[in-house]
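For reference, the structure discussed in these notes is given below.
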Amino acid sequence: MAELWRFGVSLEKDLLDKFDSLSRKRSYNNRSKAIADLIRKDLIKEEWQSGKEIAGAITFIYDHHKRELMNKIVDIQHNYGDVILSTQHIHLDHDNCLEIVAVKGSSKKIQDLANKIGAIKGVKHATLGMSSTGKRIG
Ligand code: NI
């Protein structure tokens with residue numbers, strides 16, 4: 001673990017109370033970890049905006065009875081093989097499939113992939129979990 005530094009921060013009491021209350025709600029039991037995670041969230045946002053190498057997951061659901069839809073999903077994924085680490089397919093029920101695509105690479109390319117999957121007719125919902133490779137966030 002990296003060396004720890006202590007520093008003083010001045011905040012309005014009301015703002016600090018709200019921060020502490022939100023941190024407790026999110027199960028933080030110390031303020032340092034809550035603040036470090038806020039900083040990391042901003043660093044990760046910057047990684048995504050600046051087109052750096054990032055990691056994350058695209059999660060989406062669709063009805064597998066629509067055969068053409070499955071072909072489209074597979075075709076798109078083959079075009080993005082260089083950023084896809086793995087794909088997990090879960091049969092949710094008789095009709096619905098859940099797919100989780102783990103990704104690592106250019107943030108722009110991954111956002112493009114997520115947009116293309118989400119725009120396929122028949123994909124009911126798609127999200128992009130924007131995380132980090134962990135290398136630049138301490
Ligand atoms: Ni399935």
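Both counts, for ligands and for their atoms, begin at 1 and track the order of listing.
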Worksheet item: Is there any salt bridge (Lys or Arg N to Asp or Glu O under 4.0 Å) pair reaching into residues 26-37, and which pairs are they, with sequence neighbours excluded?
Response: Asp20-Arg31, Lys33-Asp37, Asp37-Arg40
Discussion item. So, at under 2.8 Å, which protein N, O or S atoms would a careful student list around the Ni ion (ligand 1)?
Written reply: His89 NE2, His91 ND1, Cys97 SG
Practice prompt. Check each of Ile84, Val103, Val101 against Ile110 using the side-chain contact (heavy atoms from CB on, under 4.5 Å) test, and report the only one that passes.
Written response: Val103
Response to the item:
For residues 120-129, the salt bridge (Lys or Arg N to Asp or Glu O under 4.0 Å) pairs (sequence neighbours left out) are none
Discussion item. In terms of relative ring orientation, are His94 and His64 parallel, tilted or perpendicular, with 30° and 60° separating the classes?
Written reply: perpendicular
Discussion item. Counting neighbours of NZ on Lys109 that are heavy atoms of other residues, nucleotides or ligands and sit closer than 6.0 Å, is the number greater than 12?
Written reply: yes
Discussion item. For Asp75, give me all partners under salt bridge (Lys or Arg N to Asp or Glu O under 4.0 Å), at least two apart in sequence or on another chain.
Written reply: none
